[in-house]
Structures are given as C-alpha cells and as structure tokens.
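First comes the structure, then the notes that go with it.
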Amino acid sequence: MTRIVIVGASVGGVKTAQGLRSGGFDGEIVVVEKEDVAHPYDKPPLSKAYLTSPDDLGAIRLIDQEDLAAIDASWRFGVAATGLDPAAKELLLEDGERLAYDALVIATGSRARTSPWGEGPGIHVLRTAADAHALRSALQPGRRLVIVGGGFIGAEVAATARKAGVDVTIVDPLPAPMSRVLNEDVGRIFLDKHAAEGVRTRFGTGVDGVERVGPELEVRLSDGERITADALLVGIGAVVNTEWLEGSGLVVDNGIVTDGRLRAIGAADVFVVGDVCRWQHEDGSGSTRLEHWTSAADQARLVAHNLLSPAEARAYVPVEYVWSDQYDWKIQVVGRTGSAESQLIGDPAHDRFAVVYSDGARVTGAVIVNWPRALIAARRAVADRGDADALVTMLTEIIAKAPAPVVS
Amino acid sequence: MTAIVKADLGACQGYANCVVGASDYFDIDDDGVVVLLQTDVPDAELTRVDEAARSCPVSALKVIRG
C-alpha cells in the first residue's frame with residue numbers, strides 16, 4: 001500500500017494518520033481538510049474556556065508540533081472533497097484534482113444544524129473555530145444571550161457565558177437540559193444547577209420566531225413570552241457531512257454505513273471514522289452513530305490497525321464515553337444512558353454524585369459528576385456488563401466514607 | 001531499549017481514557033489526576049501504552065522513546 005488519503009483533519013482524521021505512522025506505515029499520507037486553518041485543532045474546548053479566552057487557535061492544537069511533524073503527512077488545508085470514484089480509487093477535490101488513493105479514510109464529521117429562524121448578525125451556531133470566534137464577541141458582561149437548545153453544546157455555552165457575566169436564557173421544548181441523553185429526572189438535576197448559577201431557564205417551551213428590532217433580536221416563545229436579546233445561539237444538533245458522496249455508490253443513511261470493522265459497505269479500501277460513521281454491530285444488533293471525541297479517537301486507532309493488519313482486523317465494540325464541563329461540575333457520561341431505570345448515588349447539592357442506569361439487572365451506563373473513583377468503577381462495570389446493584393452498593397459505600405464536598 | 005511515560009499533572013483533566021487503555025500503567029486519584037503506576041515501558045508494551053497515552057483528550061501523557 002503506497003498512498004492513504006484521509007478526508008478531514010479533526011480528531012478522527014488526525015488520529016488515524018498518527019496511528020498509521022506509529023503502526024509502521026511507511027507510505028504516503030495525504031490529509032485533505034476543507035477548513036482553511038494553520039494546523040489541526042480540537043473542538044471540545046470551543047464551547048468551554050476557549051470561548052472566553054484570548055483568540056489563539058494555537059492554544060487548542062489537536063497535537064503538538066513535534067507529533068504533527070512525526071506523522072509526516074501532506075496537509076491540504078482549505079480544500080474540500082467534492083466527490084468519490086471508488087472504482088477508479090480517486091478522490092475528487094474542489095480544485096478539480098483527482099487524487100488517487102490505495103486506501104481512503106473518510107472523517108468529514110458533522111456540521112451544526114442551521115438556524116430555522118434565519119441567519120445574519122447576532123444569530124450564531126457553534127461547531128468550528130470560526131463559529132467560536134464569531135460568538136465570543138457576544139459574550140461580554142451584561143449582554144443578553146438566548147440559547148436555543150439545552151443539549152450538551154447549549155448547556156456548556158450557558159455555563160461559559162454565565163461565568164463571563166452574560167445574561168443567559170436557555171430555551172428548549174424538552175423538559176430539562178440534556179434530558180434526551182440522561183432522561184427527564186436526571187436532566188432536572190442539571191436544570192436546577194443552571195438555575196442556581198443564575199441562568200434563566202425556559203424548558204418545555206419552543207421558539208415560534210425571531211425578529212429583528214433595530215440592533216436587537218426579539219425571541220418569541222411558544223408560550224407567548226418575548227425575550228429581547230443581543231445574540232442568539234442555535235444549538236439544535238448536528239448534520240453529517242455526506243452530501244459530497246452523492247453518486248459515489250457508498251451507502252449513506254444518516255452517516256456512511258460501514259461493517260463492524262468500519263469498512264464502508266460496497267467500497268473496497270474505504271474506511272469511515274468519527275461523527276460520519278454509522279457502523280453495523282457484528283452481533284447483528286443494528287447500527288449506531290456516535291458524535292463523541294473518544295469514539296472518533298477509538299475508531300481512528302481501530303481503522304489504522306485494520307488498514308495495517310487486515311488479517312487481524314478487529315470489530316468496533318465501544319464503551320461510549322463523553323464529558324462536559326459546566327460551571328464547577330465535571331460531568332462524565334459512560335455507556336448507554338437515558339433509560340428510566342436509574343439510581344442516584346450521592347447528593348447534587350454537595351457537587352458530587354453518580355447516576356447508574358440499568359436494564360434491570362445489568363449496568364448499561366452512568367453519569368458521574370466530580371467523582372473520579374466512580375468514573376473508573378462505572379467504566380469497568382459498563383464494559384463488563386456488571387451487576388447494577390453491586391455497583392450502586394459499592395459507590396454508596398465509597399461516598400459514605402468520603403462525603404465531603406469537592407472543590408474543583 | 002526502554003521507553004518512559006511522562007505525565008503533565010497540570011494538564012490532566014481526569015478523563016480516565018488512559019486507565020481504560022492501560023490500567024497497569026495509569027490510575028486516577030481522588031482529585032481526578034493521573035497517577036503513573038510505572039514509568040518504564042519495555043518494547044513489548046510500547047504500542048499498547050503509547051495508544052493509551054494518545055487517547056488522552058488533553059495530551060497530558062507522552063511516551064518518550066529512549
């Protein structure tokens with residue numbers, strides 16, 4: 001194999017390149033990235049500290065210069081892929097070039113779902129560094145920000161903006177922040193946290209429209225309330241970047257469909273990692289797509305291995321893991337959460353607690369706040385499909401010995 | 001030749017990806033900071049420990065080849 005082309009220089013693409021080199025690949029690596037940036041950057045900080053810190057992309061590099069140089073790839077920033085010819089094994093670029101590959105890794109990720117209430121001054125989404133740069137000017141003390149969407153991005157920006165002295169309102173038709181992922185009862189713990197930190201919360205309420213009144217925005221809620229804002233952040237999810245594959249023959253179904261080893265269905269030598277990957281579980285339990293940093297990194301490592309050692313190719317069998325920083329809470333989510341069967345251990349008022357989700361007998365997932373020991377135990381229990389009551393008992397015993405509030 | 005694993009304790013955010021990758025090398029203390037259980041990495045362990053180190057979301061770990 002002589003040339004591996006990777007489309008996308010976010011975590012999935014970069015970690016694939018890194019895994020190929022550390023795994024001994026000595027051919028050519030070309031990385032094509034449509035964003036015109038100086039070096040690969042990391043996305044999780046964009047909704048957190050980076051949003052209110054000095055505008056320096058160097059502070060959120062995905063890997064340092066030394067490791068980047070060690071990858072020894074040709075980096076093609078500012079060039080979008082526009083098509084794929086798997087039969088000819090060629091990637092089509094927007095500048096007209098047909099880039100030949102021996103193997104292709106698609107890591108084109110997802111983009112923010114666009115605002116249904118129009119675009120223009122004061123209306124923001126948050127996905128890229130450019131989006132963060134645009135939003136940060138709105139985050140001045142005393143300014144009024146309305147966030148539509150109480151998912152992870154919306155909740156994180158609310159916390160970041162509130163800390164910066166911004167007057168924040170979150171609006172979401174769901175009953176509580178992150179309740180789609182965590183279930184309603186658990187979501188309410190986070191609702192209370194945001195309210196206690198001074199964020200105005202309008203859950204269970206949609207947005208009917210947004211109008212411009214001079215330099216201000218007037219947000220009309222479905223319950224009749226009108227909120228005047230200087231800026232609006234629309235955080236209503238992501239859309240996969242797959243349009244460029246139209247006509248390629250790849251199977252696209254809210255993501256590029258792959259087998260259990262992350263090889264695109266119907267295309268030899270094409271692998272998929274990150275947000276854009278919808279893989280079929282080898283056990284026949286269906287297909288999944290994940291939008292987590294750790295999933296992209298794990299998939300990248302797996303694809304690098306499968307490219308270099310096809311005879312020992314491995315299936316992707318993850319323990320899902322995602323984190324979020326909101327105020328002084330470090331929130332860590334493991335496995336499959338959201339089922340109604342959940343048990344709370346610890347006290348949110350003491351800033352340290354865990355929620356264990358189960359299918360009745362077995363642990364399926366957990367949410368952990370400010371509690372490293374519980375995180376490790378939960379990650380193990382989810383991986384082993386451990387007994388739910390045993391995990392709950394263990395965590396209850398640990399916290400009884402160390403109930404003191406945590407300062408982080 | 002032996003490689004050495006190093007940790008930037010100030011950068012660590014307690015994500016525990018390293019512990020999942022190599023629990024015989026990494027642990028997390030009660031404050032959520034990585035603890036190195038051993039620092040010398042023999043050749044046979046290099047790939048596994050390097051991968052665990054690279055799974056850190058804030059690049060707090062590095063395996064330095066001797």
Side-chain angles (χ1 to χ4, degrees), chain A residues 11 14-15 18-19 21-24 42-45 48-49 60-64 66-67 70 292-298 300-302 304-305 308-309 318-319 321-325 330 332 334 352 368-380 382-383 398 401-402 404 406-408, chain B:
Chain A
V11 58
V14 170
K15 296 260 177 192
Q18 206 174 11
R21 277 297 179 237
S22 68
D42 207 14
K43 290 205 169 78
K48 307 183 183 89
I60 56 167
R61 284 176 191 276
L62 196 48
I63 60 173
D64 66 28
E66 191 188 340
D67 288 346
H292 308 330
W293 190 100
T294 299
S295 306
D298 289 348
R301 190 162 59 240
L302 185 99
H305 168 85
L308 296 176
S309 308
V319 172
Y321 172 64
V322 63
W323 71 86
S324 179
D325 296 308
K330 179 173 290 300
Q332 295 169 305
V334 182
R352 169 174 280 195
I368 295 104
V369 172
N370 291 344
W371 193 0
R373 284 279 157 225
L375 171 69
I376 305 252
R379 285 184 84 152
R380 287 203 178 114
V382 172
I398 296 176
K401 286 181 203 150
V406 181
V407 178
S408 62
Chain B
M1 197 178 297
T2 305
I4 290 178
V5 59
K6 290 199 165 173
D8 180 345
L9 302 183
C12 175
Q13 295 290 312
Y15 297 116
N17 285 1
C18 58
V19 183
V20 174
S23 60
D24 50 342
Y25 278 79
F26 307 106
D27 196 6
I28 299 279
D29 69 17
D30 288 336
D31 297 321
V33 178
V34 65
V35 177
L36 296 179
L37 303 176
Q38 49 184 323
T39 54
D40 289 356
V41 188
D43 281 350
E45 302 288 318
L46 196 53
T47 301
R48 183 174 66 89
V49 179
D50 199 24
E51 284 185 352
R54 283 210 314 270
S55 71
C56 176
V58 287
S59 304
L61 300 168
K62 201 145 190 171
V63 175
I64 297 156
R65 287 159 173 79

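Basis for what follows: all heavy atoms, side chains included, without hydrogens, waters or symmetry-related copies. The chains referred to below are lettered A, B, ... by the order of the sequence lines, with proteins before strands, and numbering in each begins at 1.
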Nearest heavy-atom pair of [X] and [Y]: which atoms, and what distance?
| X | Y | result |
| --- | --- | --- |
| B:Pro57 | A:Asp42 | O-OD2, 3.6 Å |
| B:Ser23 | A:Arg380 | CB-NH2, 3.8 Å |
| B:Asp30 | A:Arg352 | O-NH2, 3.6 Å |

Query raised in the report: Are any of the side-chain nitrogens in B:Lys62 or A:Asp64 under 4.0 Å away from the carboxylate oxygens of its partner?
Result: yes
**Report entry** side-chain contact (heavy atoms from CB on, under 4.5 Å) partners for B:Ser59, two or more places apart
**Finding:**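 For B:Ser59 there are no side-chain contact (heavy atoms from CB on, under 4.5 Å) partners, ignoring immediate neighbours.
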Query - Residue from A:Arg301, A:His305, A:Lys15 passing side-chain contact (heavy atoms from CB on, under 4.5 Å) with B:Glu51 - result: A:Arg301
Requested in this report: Run through B:Asp27, B:Asp29, B:Ile28, B:Val33 and flag the one making a side-chain contact (heavy atoms from CB on, under 4.5 Å) with A:Pro372.
Outcome: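 So, applying the side-chain contact (heavy atoms from CB on, under 4.5 Å) to A:Pro372 and each of B:Asp27, B:Asp29, B:Ile28, B:Val33, only B:Ile28 qualifies.
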Requested in this report: Can you tell which part of B:Asp31 gets under 4.5 Å to a heavy atom of chain A, answering side chain, backbone, both or neither?
Outcome: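 Answer is backbone: N, CA, C or O of B:Asp31 sit under 4.5 Å from chain A.
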Scan the side chains in residues 9-20 of chain B for donor-acceptor partners under 3.5 Å anywhere in the protein, sequence neighbours excluded, and list what turns up.
unit_1, atom_1, unit_2, atom_2, d
B:Gln13, OE1, A:Lys330, NZ, 3.3
B:Tyr15, OH, A:Trp323, NE1, 3.2
B:Asn17, OD1, A:Arg379, NH1, 2.9
B:Asn17, OD1, A:Arg379, NH2, 3.0
B:Asn17, ND2, A:Thr294, OG1, 3.2
B:Asn17, ND2, B:Ser55, O, 3.0

Answer with side chain, backbone, both or neither: which region of [X] has an atom nearer than 4.5 Å to a non-hydrogen atom of chain B?
| X | value |
| --- | --- |
| A:Arg61 | neither |
| A:Ile60 | neither |
| A:Asp298 | neither |

Query raised in the report: When only pairs under 4.5 Å are counted, which of A:Asp67, A:Val319, A:Leu62, A:Val11 shares the most heavy-atom pairs with chain B?
Result: A:Asp67
